[in-house]
Amino acid sequence: MPVYELGRSDDGRLYFTMKLVKGVTLAQLLKERATPTQDRPRFLKVFEQVCQAVAYAHARASSTAT
């Protein structure tokens, strides 16, 4: 997924822009489950990927903030 821009807003907050991916949101997929445990391994894998992406973004932001 390409990141088009990284920057800092006028009030100091970091931001990034990237391609919009159309489809079903994670919130919608979670809502559609019959039970909270349905597809748990699948959703744990998704959560792990989100955590890795956030960690990567934080590491990049830290290195560009100096």
Kindly work out whether a path of hydrophobic side-chain contacts (I/L/V/M/F/W/Y, heavy atoms less than 4.5 Å apart) joins [X] to [Y].
| X | Y | result |
| --- | --- | --- |
| V54 | L6 | no |
| Y4 | Y15 | no |
| Y56 | V50 | no |

Flag, side chain of Q38 to backbone of A34, donor-acceptor distance under 3.5 Å: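 Yes; judged by distance alone, with no hydrogens or angles, the pair exists.
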So how far is it from [X] [atom1] to [Y] [atom2], rounded to the nearest 0.5 Å?
| X | Y | atom1 | atom2 | answer |
| --- | --- | --- | --- | --- |
| K31 | T25 | NZ | OG1 | 9.0 Å |
| Q49 | L26 | CD | CG | 11.0 Å |
| K45 | D39 | NZ | CG | 15.5 Å |

Could you go through the side-chain contact (heavy atoms from CB on, under 4.5 Å) check for F43 and R33 one step at a time? CA-CA 11 Å; F43 288 110; R33 296 176 301 164; 3.5 Å; yes
If you count heavy atoms of other groups shown closer than 6.0 angstrom to CG of D11, is the number above 12?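 Yes, enclosed.
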Under the 6.0 Å and 45° cation-pi test, does R42 pair with F47?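 Judged by the rule (NZ or CZ under 6.0 Å from the ring centre, within 45° of its axis), R42 is not positioned above F47.
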